Amino acid sequence: MEFFCYHRDRPGSLQLRNELLEEHWSYMDRYAAEMIARGPTLTDDGGAPTGSVHIVDLPGPATARSFAFGEPGCQAGVYRDVMLRRWRNLLGRTMWEFTGGPTGGNRYLVLGLGTGQPADLEVPFGQDELIAYGPLLSDDGATWLGTAALVRAPDPDTARAVLTPDRYADIEVHGWQFGGRS
């Protein structure tokens with residue numbers, strides 16, 4: 001089962017986050033084979049992290065909760081909240097298979113928070129700029145809760161356009177970059 005996990009940083013936690021970086025990477029190294037995508041969200045100027053995205057393939061919701069809440073930064077209070085949802089990999093690949101590679105251009109996390117009937121359940125046209133894409137689902141996979149995408153785009157508005165705007169309660173766009181060890 002695939003899961004989308006988004007740890008959002010608590011204001012004022014950057015120093016603690018930095019102190020725990022090696023512990024975070026070591027923890028994530030244990031899940032390398034299960035990782036579909038990973039990386040930090042960033043401030044508008046790209047100068048500092050604001051959160052951490054991990055998309056992983058794990059045995060079930062209990063394992064996913066253990067993964068999300070056992071992360072060293074989570075245990076130490078770096079994050080203000082954690083979004084954990086089932087996810088479906090509509091591209092069928094990892095971020096490392098993205099033909100655009102890890103550098104060049106702007107990258108974004110686009111997070112559509114669902115309301116009503118499911119939307120954007122098919123990969124949109126122009127998928128060559130999509131790094132990861134899929135619906136956010138309830139633990140049992142039966143209820144659509146939104147859509148999460150990692151996309152390369154020239155600007156936040158272009159990234160936002162990957163989702164159908166009037167089908168979501170809210171659409172968030174965050175700067176994002178490929179994560180992990182260099």
Side-chain angles (χ1 to χ4, degrees), residues 1-10 34-46 49-58 60-61 63-65 67-69 79-100 102 104-179:
M1 290 180 196
E2 297 155 333
F3 292 87
F4 173 87
C5 181
Y6 183 24
H7 294 91
R8 297 176 194 247
D9 288 13
R10 180 177 49 78
E34 294 86 3
M35 203 66 66
I36 295 167
R38 67 184 287 184
T41 54
L42 305 166
T43 55
D44 289 341
D45 66 2
T50 60
S52 194
V53 172
H54 295 90
I55 303 175
V56 291
D57 190 354
L58 298 169
T63 305
R65 281 189 285 281
F67 165 82
F69 293 101
Y79 310 116
R80 68 179 168 104
D81 59 46
V82 178
M83 174 187 283
L84 180 63
R85 299 282 186 265
R86 283 273 303 272
W87 187 76
R88 189 173 316 122
N89 187 353
L90 295 184
L91 299 179
R93 66 175 188 229
T94 70
M95 73 179 203
W96 298 277
E97 296 167 297
F98 172 61
T99 58
N106 300 318
R107 286 118 193 328
Y108 299 94
L109 163 65
V110 181
L111 195 56
L113 306 176
T115 183
Q117 292 298 312
D120 298 320
L121 296 176
E122 302 291 325
V123 177
F125 181 74
Q127 73 175 3
D128 51 334
E129 294 300 311
L130 294 174
I131 300 162
Y133 184 88
L136 298 168
L137 305 165
S138 59
D139 276 359
D140 65 4
T143 305
W144 177 81
L145 302 172
T147 305
L150 300 172
V151 60
R152 179 173 62 184
D155 55 65
D157 289 336
T158 304
R160 179 184 306 274
V162 75
L163 300 183
T164 308
D166 63 346
R167 299 300 302 277
Y168 295 90
D170 189 26
I171 297 176
E172 300 176 9
V173 179
H174 305 273
W176 175 82
Q177 68 184 25
F178 275 56

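Bear in mind that the values here come from a model prediction, so they are computed numbers and not experimental data. Side chains included, hydrogens not; waters and symmetry mates left out as well; all remaining heavy atoms used.
Across all their heavy atoms, W176 and L109 have their closest contact at CB-N, 3.7 Å. When all heavy atoms of A132 and I55 are compared, the pair lying nearest together is CB-CD1, 4.2 Å. Closest heavy-atom contact between T143 and D140: N-OD1, 4.1 Å. Residues C5 and A68 come closest through the heavy atom pair SG-CB, 3.6 Å. Heavy-atom minimum distance, P135 versus W144: CB-CD1, 3.9 Å.
Put simply, CG on L137 and CG on L145 are 6.5 Å apart, with the number rounded to the nearest 0.5 Å. How far CE of M1 is from CG of D57: 9.5 Å, rounded to the nearest 0.5 Å. Summarising the geometry, atom CG belonging to L111 is positioned 6.0 Å from atom NE2 belonging to H174; distances are rounded to the nearest 0.5 Å. The CZ atom of R93 sits 8.5 Å away from the CD1 atom of I131 when rounded to the nearest 0.5 Å. Atom CG of L90 sits about 7.5 Å away from atom CG of L121, to the nearest 0.5 Å. Between atom NE2 of residue H54 and atom CZ of residue F67 there is a gap of 5.5 Å, rounded to the nearest 0.5 Å.
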May I have the step-by-step check of side chain to side chain contact (heavy atoms under 4.5 Å, CB included) for R38 and W96, ending in yes or no?
CA-CA 10 Å; R38 67 184 287 184; W96 298 277; 4.2 Å; yes
Would you please test S52 and Y79 for side-chain hydrogen bond (donor to acceptor under 3.5 Å, both in side chains) and show each step?
CA-CA 9 Å; S52 194; Y79 310 116; 4.6 Å; no
Could you go through T41 and Y6, starting from their C-alpha distance and side-chain angles, then the distance that decides it, and tell me whether this counts as side chain to side chain contact (heavy atoms under 4.5 Å, CB included)?
CA-CA 9 Å; T41 54; Y6 183 24; 3.3 Å; yes
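Among residues at least two apart or in separate chains, salt bridge (charged side-chain N to carboxylate O under 4.0 Å, His left out) pairs with a member in residues 146-173 are R8-E172, E129-R152.
Applying the 6.0 Å contact sphere to CD of Q117 captures no more than 12 heavy atoms from other residues, nucleotides or ligands.
Not a single side-chain contact (heavy atoms from CB on, under 4.5 Å) links D44 to another residue, sequence neighbours left out. Every residue two or more places apart in sequence or in another chain that forms a salt bridge (charged side-chain N to carboxylate O under 4.0 Å, His left out) with D9 is listed here: R17. For F98, the ring pair (Phe, Tyr, Trp, His ring centres under 6.0 Å) criterion is met by no residue, not counting sequence neighbours. Under the rule for a side-chain contact (heavy atoms from CB on, under 4.5 Å), the partners of A159 that lie at least two apart in sequence or sit in another chain are Y108, V110, V151, A153, V173.
Residues V162 and D120 have side chains not in contact (no heavy-atom distance under 4.5 Å, counting atoms from C-beta outward). Side-chain contact between L150 and M95: absent, with no pair of heavy atoms (C-beta onward) separated by less than 4.5 Å. With contacts defined as side-chain heavy-atom distances shorter than 4.5 Å, the pair Y133/L163 qualifies.
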Compile the donor-acceptor pairs under 3.5 Å between side chains in residues 81-88 and protein atoms, sequence neighbours left out, one pair per line.
unit_1	atom_1	unit_2	atom_2	d
R86	NH1	D139	O	2.8
W87	NE1	G134	O	3.2

